[in-house]
Amino acid sequence: MEKLKSLFSNLEGIPPDRIVPTVGLNIGRVEVSNSKLVFWDLGGQPGLRSIWEKYYEEAHAVIYLIDATCPSRFEDSKSALEKILRHEDLQGAPFLILANKEDLSEAVSAEEVARYLDLKKLDERERVYMFEAVSAYNGMGIKESVEWLVEVMERSKRTEMLRVRAGGTPGPSA
Ligand SMILES: Nc1nc2c(ncn2[C@@H]2O[C@H](COP(=O)(O)OP(=O)(O)OP(=O)(O)O)[C@@H](O)[C@H]2O)c(=O)[nH]1
Ligand SMILES: [Mg+2]
């Protein structure tokens, strides 16, 4: 998220060596393609996952980040992802699934991560999603994939529904 902030605003994020594991919630605000985005960064440690679902109902989209250098956790990442995808409070939410740390030579290739996660069984007619190799360290892949997410979010029925529910004006596409 710190990289994201620095890519989309003039603010420098916290340097990578000073980032500590997320406990609770980090909030990031950036403007991308004229949309004001609010990122809720939730910690991935198993003991912290029970709080994830408190944010589902109000989330327009989901970014799911996988550490590509840690194959021993792929199985766990896969089942956690499947559980989120199934959750009824996230119906219609576009998913951006990222294999992170692809700047490191020990990282498993994005293709292989996708295979581990069994992404091909994700039906694109049922779920709008994109899978991308990124590096939060050097920024590779982040700008493009977040811009994709904003584009699909703007067109999504879920965004429309959340806007109406919030009492705002439906977007121009309504
Ligand atoms: N080389 C490299 N290091 C990274 C990258 N992304 C994160 N790191 C480093 O990995 C460590 C863990 O990063 P975090 O951002 O705390 O990881 P996280 O996924 O948010 O972990 P939780 O908050 O526990 O869910 C930090 O020291 C980061 O600097 C990356 O793309 N490349
Ligand atoms: Mg974190």
Side-chain angles (χ1 to χ4, degrees), residues 1-32 35-87 89-90 93-119 122 127 129-150 152-153:
M1 188 164 80
E2 296 305 319
K3 191 64 190 179
L4 214 145
K5 282 197 249 175
S6 67
L7 288 173
F8 288 105
S9 68
N10 300 322
L11 304 170
E12 266 307 316
I14 300 169
D17 56 340
R18 284 189 34 219
I19 295 173
V20 294
T22 309
V23 179
L25 173 73
N26 283 323
I27 295 182
R29 290 171 206 275
V30 282
E31 194 163 325
V32 178
S35 291
K36 290 192 171 74
L37 305 184
V38 181
F39 290 85
W40 300 326
D41 173 25
L42 298 163
Q45 292 171 49
L48 301 172
R49 294 181 196 171
S50 56
I51 66 166
W52 290 358
E53 62 179 20
K54 306 211 184 315
Y55 297 91
Y56 292 170
E57 218 184 309
E58 286 182 66
H60 293 232
V62 174
I63 301 180
Y64 190 81
L65 205 70
I66 295 136
D67 183 340
T69 65
C70 207
S72 64
R73 294 203 308 238
F74 288 169
E75 196 51 48
D76 178 46
S77 295
K78 180 184 174 206
S79 54
L81 175 60
E82 283 170 348
K83 202 172 156 195
I84 315 176
L85 284 162
R86 273 198 311 268
H87 203 288
D89 290 351
L90 282 173
F95 270 62
L96 176 57
I97 304 166
L98 303 175
N100 188 37
K101 303 201 188 178
E102 290 290 354
D103 58 293
L104 298 172
S105 57
E106 67 262 37
V108 172
S109 73
E111 293 72 25
E112 228 173 305
V113 176
R115 218 173 308 135
Y116 270 106
L117 297 174
D118 208 9
L119 287 182
L122 244 176
R127 178 68 70 178
Y129 81 98
M130 176 164 128
F131 175 76
E132 187 79 7
V134 300
S135 165
Y137 186 74
N138 66 23
M140 176 188 78
I142 293 181
K143 208 161 193 275
E144 306 84 305
S145 52
V146 171
E147 281 166 357
W148 170 85
L149 191 62
V150 171
V152 295
M153 266 166 60

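Heavy atoms only: backbone and side chains are in, while hydrogens, waters and symmetry mates are out. Atoms within a ligand are numbered from 1 in the order they appear, just like the ligands themselves.
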Next item on the list: Measure the shortest side-chain to side-chain distance between K3 and V134 over non-hydrogen atoms and say whether it is less than 4.5 angstrom.
Entry: no
Margin query: Tell me whether ligand 1 is touched by D103 - counting only heavy atoms on the residue side and a distance under 4.0 Å.
Written below: yes
Checklist line | Residue and atom name of the nearest protein heavy atom (relative to atom 25 (O) of ligand 1), distance in Å to one decimal | finding: G44 N, 2.7 Å
Notebook entry, point to check: Please state which protein non-hydrogen atom is closest to atom 13 (O) of ligand 1 and give its distance, to 0.1 Å?
Noted result: I19 CG2, 4.7 Å
Checklist line | Identity and separation of the nearest protein heavy atom to atom 27 (O) of ligand 1 | finding: P16 O, 3.9 Å
Item checked: Heavy-atom nearest neighbour in the protein, as seen from atom 31 (O) of ligand 1, with distance rounded to 0.1 Å -> A136 N, 2.8 Å
Next item on the list: Drop me the distance from N100's CG to I63's CD1, to the nearest 0.5 angstrom.
Entry: 11.5 Å
Next item on the list: Using a cut-off of strictly less than 2.8 Å, determine whether N26 has an N/O/S atom near the Mg ion (ligand 2).
Entry: no
Checklist line | E58 atom CD: more than 12 heavy-atom contacts under 6.0 Å | finding: no
Item checked: Approximate separation, where rounding is to 0.5 Å, of F95 CZ and L81 CG -> 6.5 Å
Notebook entry, point to check: Within a radius of less than 6.0 Å around CZ of R127, do more than 12 heavy atoms belonging to other residues, nucleotides or ligands occur?
Noted result: yes
Checklist line | Subset of ligand 1 atoms that lie under 4.0 Å from at least one heavy atom of G43 | finding: 25 (O)
Item checked: Nearest-neighbour protein heavy atom for atom 6 (N) of ligand 1, which is reported as residue plus atom name and distance -> N100 ND2, 3.0 Å
Next item on the list: Evaluate the 4.0 Å heavy atom contact test for atom 1 (N) of ligand 1: does a protein atom fall under the cut-off?
Entry: yes
Check: Can you tell which of E106, K101, R49 gets a heavy atom nearest to atom 30 (C) of ligand 1?
Finding: K101
Next item on the list: Check the angle between the aromatic planes of W40 and Y55 and answer parallel, tilted or perpendicular using the 30° and 60° thresholds.
Entry: tilted
Notebook entry, point to check: What do you reckon, does T22 have a nitrogen or oxygen under 3.5 Å from a nitrogen or oxygen of ligand 1?
Noted result: yes
Notebook entry, point to check: So does D41 pair up with K5, basic N to acidic O under 4.0 Å?
Noted result: no
Next item on the list: Specify the protein heavy atom at minimum distance from atom 24 (O) of ligand 1: its residue, its atom name, and the distance to 0.1 Å.
Entry: P21 CB, 3.8 Å
Margin query: Quick check on V20 - does any of its heavy atoms sit under 4.0 Å from an atom of ligand 1?
Written below: yes
Item checked: For atom 19 (O) of ligand 1, the protein heavy atom that lies nearest, with its residue and separation -> L65 CD2, 4.6 Å
Checklist line | Validation row: P21, Q45 side chains within 4.5 angstrom (heavy atoms) | finding: yes
Item checked: Sub-3.5 Å N/O-N/O distance, V134 and ligand 1 -> no
Checklist line | pair F74-V108: side-chain heavy atoms closer than 4.5 Å | finding: yes
Notebook entry, point to check: Just to confirm, does any protein heavy atom lie below 4.0 Å from atom 17 (O) of ligand 1?
Noted result: no
Item checked: Nearest-0.5 Å distance, CD of residue E53 to CG of residue L42 -> 11.5 Å
Notebook entry, point to check: Is D41 close to ligand 1, meaning an N/O of one under 3.5 Å from an N/O of the other?
Noted result: no
Item checked: Option passing side-chain contact (heavy atoms from CB on, under 4.5 Å) with L37 (candidates V32, L4, L149) -> V32
Next item on the list: Could you list the atoms of ligand 1 found under 4.0 angstrom from a heavy atom of L104?
Entry: 1 (N)
Notebook entry, point to check: Looking only at heavy atoms, which two atoms of S77 and Y64 are closest? And how far apart?
Noted result: O-OH, 2.8 Å
Margin query: If I apply the N/O under 3.5 Å rule, does D17 come out as touching ligand 1?
Written below: no
